[in-house]
Amino acid sequence: MMEEPLLLDALSPTIRKYVETTSPIPLRLTAAKGGLPLAPADFVTVLFLLSVDLIPEIREAAQLSARHISEKFMVSVGRDERLKTEVLDWLMDLHWANTSYAKLLVSNASTSDEAIARCASHCSAQVLELIGLNQLRLLRHEEILRQICQNPNATPVLVDSVCEFAVRNGIFLEDIAAMQEAKGRVFGRVTPEKGPTVAQLVGEFESIEDEKALPLEEGKRLSLSQKVLKMSVSEKIKLAMRGNKEIRTLLLRDTNRLVAVAAVQSPRMTEAEILGIAQNRTTPEEILRIVFRNKEWLKLYPIKLALTKNAKVPQAISMRLLPTLKEGDIKTLAKDRNVPNAIQTMAKKLAVSKKT
C-alpha cells in the first residue's frame, strides 16, 4: 500500500484493520472519510496512513478529512505527546496557517524541531511568539532561529529577543543580519571566544557517541570534562542529543538548566538512567518534573516507587502515586524515616486500611 512511515506491526489491531492493503477498499474509504468511531489519536493516525494509500480516492479523502479536523479532536491530539512524531509533523504541515491549531502542535514536545522550523518560516506572529518561548528548541535546532528572523510576521521585539538569547548562548548565524546586530549589542567589539564544537569533541573522543563504549580512562575523562565545560550552551545541548550515557551523566550535572533538561530528554536516555535520576535525592526538582510528567516512564513500577520515595518530588505528586504502590512497599514507606512526614503518615493510613 505504501512505504510505511509507521510500521504496521507497531500499531494496534484497531488501526491496522483500517489501513492494511488486505482490508476492503470500502472500509478504508469509510475510515478516510472519518466515518468510523475512533479515538482522536487513532483517527489522525489512520488518516495519516491512508493519506499515502495506493487508491487516489482514499488518499484524497484522508487529506480532506485531515484538513477539516474538528477543534475538539485537535485539542486532544495536540496535547497527546504519545502520538508518533510523523503524525504530528504531518498535521503541522497541514495546519500551520490555523493559529489555534498551530499553537497546540507547536506546544507538543513530540513535534519535531524540523516541523517547527517549517512552521516558523510562514506562521502568524502569535505562533512565532510561542515558538520563541521554547529556549531548548531554539538552541537545539538553529534553523528555527533562522526562520523566525526571516518570517515577515515576526515582530522586531521578538527577533531582537531570540537573537540576543542565541548569541549569549553561543549561536552566531553569519547570514542573519539581526543576529550580527545582536552580537554587537551583547559583546560590543569584542569577539566572543568560541568553545569546542560537538564535531570537534567527537573527533577527539570518538567513543562518546557509542553507548557500548567502555568508560573513559581517568585522564581522558578529566580532559573531556574540561572541554565540555568550555562549550557554549547550544553546543552542550546538541551534545546531549548525540552523546552516550557517560556524556549524559556529565551534562545532567551542568549548572545551566537547559543543558540538564536536554540531557534528560535525550532520545537515547534509557530506563535504567531514568531510574537512577528518580532515586537520586540531589536531582533538581525541574528534572524530576520531566520524569513524573512522562506517562511512559511512570508506567514502570521501579521508577514510580523511586519518585514516591524521593523527597525532592512535590508531595502532591508523591501522594498521588502512593496508593498505586504494592502493599509491601506501602508498609515499608510507613516505617521509612527518610521520606517526608506527610508521605509516611499517609502510608501508615493506607497500610491500616488495607488490613481492614
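- Residues L64 and W96 do not share a hydrophobic cluster, defined by chaining ILVMFWY side chains whose heavy atoms lie under 4.5 Å apart.
- A262 and L136 get closest at one heavy-atom pair: CB-CD1, 3.7 Å.
- I287 CD1 to F292 CZ: the interatomic distance, rounded to the nearest 0.5 Å, is 11.5 Å.
- By the 4.0 Å N-to-carboxylate-O rule, K212 lies too far from D210 to be salt-bridged with it.
- A salt bridge links E273 with R248: the closest approach of a Lys/Arg side-chain nitrogen to an acidic carboxylate oxygen falls below 4.0 angstrom.
- Between E114 and R118 there is no salt bridge, since none of the side-chain N atoms of the basic residue sits less than 4.0 Å from a carboxylate O of the acidic one.
- Counting heavy-atom neighbours within 6.0 Å of E217 CD, excluding the residue itself, gives a total of 12 or less.
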Go through the steps to decide whether L138 and N169 satisfy the test side-chain contact (heavy atoms from CB on, under 4.5 Å), and finish with yes or no. CA-CA 10 Å; L138 296 180; N169 288 281; over 6 Å; no
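- In this structure, the separation between OG1 on T283 and CZ on R253 is 11.0 Å, given to the nearest 0.5 Å.
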Using the rule given for side-chain contact (heavy atoms from CB on, under 4.5 Å), can you reason through E143 versus Q147, listing the C-alpha separation, both sets of side-chain angles and the distance that settles it, and then say yes or no? CA-CA 6 Å; E143 189 59 25; Q147 295 305 328; 2.5 Å; yes
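- For the pairing with L105, the side chain to side chain contact (heavy atoms under 4.5 Å, CB included) check across N98, V127, L88, I116 returns one residue only, L88.
- Shown here are the side-chain contact (heavy atoms from CB on, under 4.5 Å) partners of Q344, two or more places apart in sequence or in another chain: R337, V339, N341, K348.
- Taken together through direct or relayed side-chain contacts under 4.5 Å among Ile, Leu, Val, Met, Phe, Trp and Tyr, L229 and L222 form parts of separate hydrophobic clusters.
- Of the possible donor and acceptor atoms, none in the side chain of S76 sits under 3.5 Å from a partner among the backbone N and O of F73.
- Dense packing is recorded around CD of Q180, with more than 12 heavy atoms of other residues, nucleotides or ligands lying under 6.0 Å away.
- Classification of R137 and E142 as a salt-bridged pair fails, no side-chain N sitting under 4.0 Å from a carboxylate O.
- M241 and L139 are not part of a single hydrophobic cluster, where members link through side-chain heavy atoms under 4.5 Å apart.
- Placement of L133 and I290 within a single hydrophobic cluster is found when ILVMFWY residues are connected by side-chain heavy-atom separations under 4.5 Å, directly or transitively.
- Between Y101 and H95, the ring-plane angle classifies as perpendicular under the 30° and 60° cut-offs.
- Checked by atom type and distance alone, the side chain of S266 pairs as donor or acceptor with a backbone atom of A240 at under 3.5 Å.
- By the 4.5 Å heavy-atom criterion applied to side chains, L239 and V259 are not counted as neighbours.
- Considering only heavy atoms from C-beta on, W90 comes within 4.5 Å of L47 through its side chain.
- One finds a salt bridge joining R257 and E286 here, because a Lys/Arg side-chain nitrogen approaches an Asp/Glu carboxylate oxygen to under 4.0 Å.
- Here the side chain of N310 pairs a donor or acceptor atom with the backbone of N280 at under 3.5 angstrom.
- Minimum interatomic distance between E246 and L214 (heavy atoms only, all atoms of both residues): OE1-O, 4.4 Å.
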Show the numbers, then the answer: is there a side chain to side chain donor-acceptor pair (under 3.5 Å) between S112 and T85? CA-CA 6 Å; S112 75; T85 295; over 6 Å; no
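- Ion pairing of K84 with D89 is absent here, as no side-chain N (NZ or NE/NH1/NH2) approaches a carboxylate O to less than 4.0 Å.
- For the side chain to side chain contact (heavy atoms under 4.5 Å, CB included) test with I58, the passing option among I25, T30, V52 is I25; the others fail.
- Nearest heavy-atom pair across V159 and I148 is CG2-O, 4.3 Å.
- A donor-acceptor distance shorter than 3.5 angstrom exists from the side chain of N244 to the backbone of S207, with no hydrogens or angles considered.
- In K238, the NZ atom is crowded: over 12 heavy atoms of neighbouring residues, nucleotides or ligands sit closer than 6.0 Å.
- Atom CD1 of I277 sits about 7.0 Å away from atom CH2 of W297, to the nearest 0.5 Å.
- Residues T21 and S23 are not in side-chain contact: their nearest non-hydrogen atoms beyond the backbone lie 4.5 Å or more apart.
- Here the side chains of T155 and E129 are in contact, with some heavy-atom distance below 4.5 Å.
- A donor-acceptor contact closer than 3.5 angstrom is absent between the side chains of T308 and S318.
- Under the 3.5 Å distance criterion, the side-chain polar atoms of T324 are left unmatched by any main-chain donor or acceptor of R320.
- Put simply, the side chain of E181 does not reach to within 4.5 Å of the side chain of C163, judged on heavy atoms.
- The salt bridge (charged side-chain N to carboxylate O under 4.0 Å, His left out) check on K72 picks up nothing, with sequence neighbours excluded.
- Side-chain heavy atoms closer than 4.5 Å link hydrophobic residues (I, L, V, M, F, W, Y) into clusters, and following such links, possibly through other members, connects V77 to L36.
- Within the 3.5 Å criterion, the main-chain N or O of F48 finds a donor-acceptor partner in the side chain of S51.
- Taking the ring axis of F205 as reference, the NZ or CZ atom of K220 does not stay both within 45° of it and closer than 6.0 Å to the ring centre.
- Atom CD1 of residue I208 and atom CG of residue L216 lie 8.0 Å apart, to the nearest 0.5 angstrom.
- For the atom pair F172 CZ and S232 OG, the distance stands at 7.5 Å (nearest 0.5 Å).
- Counting heavy-atom neighbours within 6.0 Å of R185 CZ, excluding the residue itself, gives a total above 12.
- A donor-acceptor contact shorter than 3.5 Å links the side chain of N108 to the backbone of G78.
- Using a distance-only test at 3.5 Å, with no hydrogens or angles considered, a donor-acceptor pair links the side chain of N151 to the main chain of A120.
- Salt bridge status for E211 with R268: present, with a side-chain N to carboxylate O gap under 4.0 Å.
- With a 6.0 Å radius and a threshold of 12 heavy atoms from other residues, nucleotides or ligands, E57 has its CD atom at or below the threshold.
- K326 has its side chain within reach of D329: a pair of non-hydrogen atoms, C-beta onward, lies under 4.5 Å apart.
- Across all non-hydrogen atoms, the minimal contact from R146 to L173 is NH2-CD2, 3.7 Å.
- Of the possible donor and acceptor atoms, none in the side chain of S161 sits under 3.5 Å from a partner among the backbone N and O of V157.
- Looking at S223 and K227, their side chains come closer than 4.5 Å, going by heavy atoms from C-beta outward.
- We find the CG-NZ distance between L325 and K304 to be 6.5 Å, quoted to the nearest 0.5 Å.
- When all heavy atoms are compared, the tightest approach of L275 to A306 is CD1-CB, 4.0 Å.
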Working note: E285 + K312, criterion salt bridge (Lys or Arg N to Asp or Glu O under 4.0 Å); need CA distance, chi angles, decisive distance, verdict. CA-CA 6 Å; E285 184 178 323; K312 281 284 192 74; over 6 Å; no
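- Residues C123 and I131 come closest through the heavy atom pair SG-CD1, 4.2 Å.
- Side-chain contact between M231 and V198 is present, with heavy atoms from C-beta onward closer than 4.5 Å.
- Counted within 6.0 Å of NZ on K33, heavy atoms from surrounding residues, nucleotides or ligands total 12 or fewer; the atom is thus considered open.
- No side-chain donor-acceptor contact under 3.5 Å links Q200 and E204.
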